[in-house]
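Report on one structure; see the data block that follows.
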Amino acid sequence: MPLLPILYYPDPKLHTVARLVPAVDAGIKQLIADMLETMYEANGIGLAATQVDVHQRLIVIDVSEQRNEPLVLINPALSWASPQMQISDEGCLSVPGIYDGVERSAAIRVQALDGDGQLRTIEAEGLLAVCIQHEMDHLLGKVFVEYLSPLKRNRIKTKMLKARRDTERA
């Protein structure tokens with residue numbers, strides 16, 4: 001299975017709103033496998049299809065210690081979010097090396113199709129809740145740095161553009 005190229009902030013394609021997945025077919029199953037391989041290879045805990053320039057509502061996650069409990073969310077919809085909030089340091093495969101505090105709901109409930117097309121309800125708290133909310137933001141065209149102050153966001157954007165130029169020169 002090939003590793004998929006990850007889009008890096010501030011790529012404008014990261015702001016594309018994802019479309020619903022019409023059917024869980026062989027193509028989607030292959031995309032799921034490729035996204036999981038890409039996420040594991042990049043040492044991430046979550047990856048949205050938007051980050052690999054596929055603008056469909058698909059997320060893969062694995063927050064387990066052994067990296068052997070993949071979770072697939074197709075067409076996820078938030079059905080409940082706790083009023084209690086928590087601030088967690090977040091990072092992103094599309095913004096490598098950058099971590100900062102983001103406030104999110106402490107617990108959530110999400111309905112989504114799994115990798116076999118079965119409707120599931122997932123109740124999550126802690127790291128899993130943060131990860132699901134972070135990846136669902138990607139499906140809406142939002143990157144976690146947009147929760148930060150304009151000053152921090154501009155510094156990150158400058159740093160990412162410089163890193164891209166340095167890579168292109170090498």
Through direct or indirect side-chain contacts below 4.5 angstrom among Ile, Leu, Val, Met, Phe, Trp and Tyr, which residues connect to [X]?
X: L78; value: I45, I59, I61, V63, L71, L73, I108, V110, I122, L127, L128, I132, M136, L139
X: M85; value: none
X: L161; value: none

Does K152 make a cation-pi contact with Y147, if we ask for NZ or CZ under 6.0 Å from the ring centre and within 45° of the axis?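 Checked: cation-pi criterion not met.
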Would you say that E90 contacts V130 through its side chain, given a criterion of any heavy-atom pair below 4.5 Å between the two side chains?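 Of all side-chain heavy-atom pairs linking V130 with E90, at least one is under 4.5 Å.
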Taking the side chain as C-beta and beyond, is there a heavy-atom pair between S88 and H134 under 4.5 Å?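 Answer no - side chains too far apart.
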For the side chain of [X] and the backbone of [Y], is there at least one donor-acceptor N/O pair under 3.5 Å apart?
X: T38; Y: L4; result: yes
X: S105; Y: S82; result: yes
X: S79; Y: R109; result: yes

Qualifying salt bridge (Lys or Arg N to Asp or Glu O under 4.0 Å) pairs, either residue in residues 54-82, two or more places apart: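 Every candidate salt bridge (Lys or Arg N to Asp or Glu O under 4.0 Å) pair involving residues 54-82 fails, so no pair, neighbours aside, qualifies.
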What are the two closest non-hydrogen atoms of Y99 and G91, and how far apart are they?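 Looking at all heavy atoms of both residues, the shortest contact is CD2-CA, 3.5 Å.
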Quick one: closest heavy-atom pair of L58 and M35, and the distance?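 In this case the closest contact between L58 and M35 is CD2-SD, 3.6 Å.
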Name the atoms and distances for all side-chain donor-acceptor pairs under 3.5 Å in residues 111-118, with sequence neighbours left out.
{"from": "Q111", "atom 1": "NE2", "to": "T121", "atom 2": "OG1", "distance (Å)": "3.3"}
{"from": "D114", "atom 1": "OD1", "to": "D116", "atom 2": "N", "distance (Å)": "2.9"}
{"from": "D114", "atom 1": "OD1", "to": "G117", "atom 2": "N", "distance (Å)": "3.1"}
{"from": "D114", "atom 1": "OD1", "to": "Q118", "atom 2": "N", "distance (Å)": "2.9"}

Is V60 reachable from L119 through a run of I, L, V, M, F, W or Y residues, each pair having side-chain heavy atoms under 4.5 Å apart?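 Same cluster: L119 reaches V60 through Ile, Leu, Val, Met, Phe, Trp or Tyr contacts under 4.5 Å.
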Give the C-alpha distance, both sets of side-chain angles, the deciding distance and a yes or no for salt bridge (Lys or Arg N to Asp or Glu O under 4.0 Å) between R104 and D137. CA-CA 11 Å; R104 297 195 186 268; D137 275 353; 2.9 Å; yes
Quiz: residues 21-28 side-chain donor-acceptor pairs under 3.5 angstrom, not counting sequence neighbours:
{"from": "D25", "atom 1": "OD1", "to": "G27", "atom 2": "N", "distance (Å)": "3.2"}
{"from": "D25", "atom 1": "OD1", "to": "I28", "atom 2": "N", "distance (Å)": "3.0"}

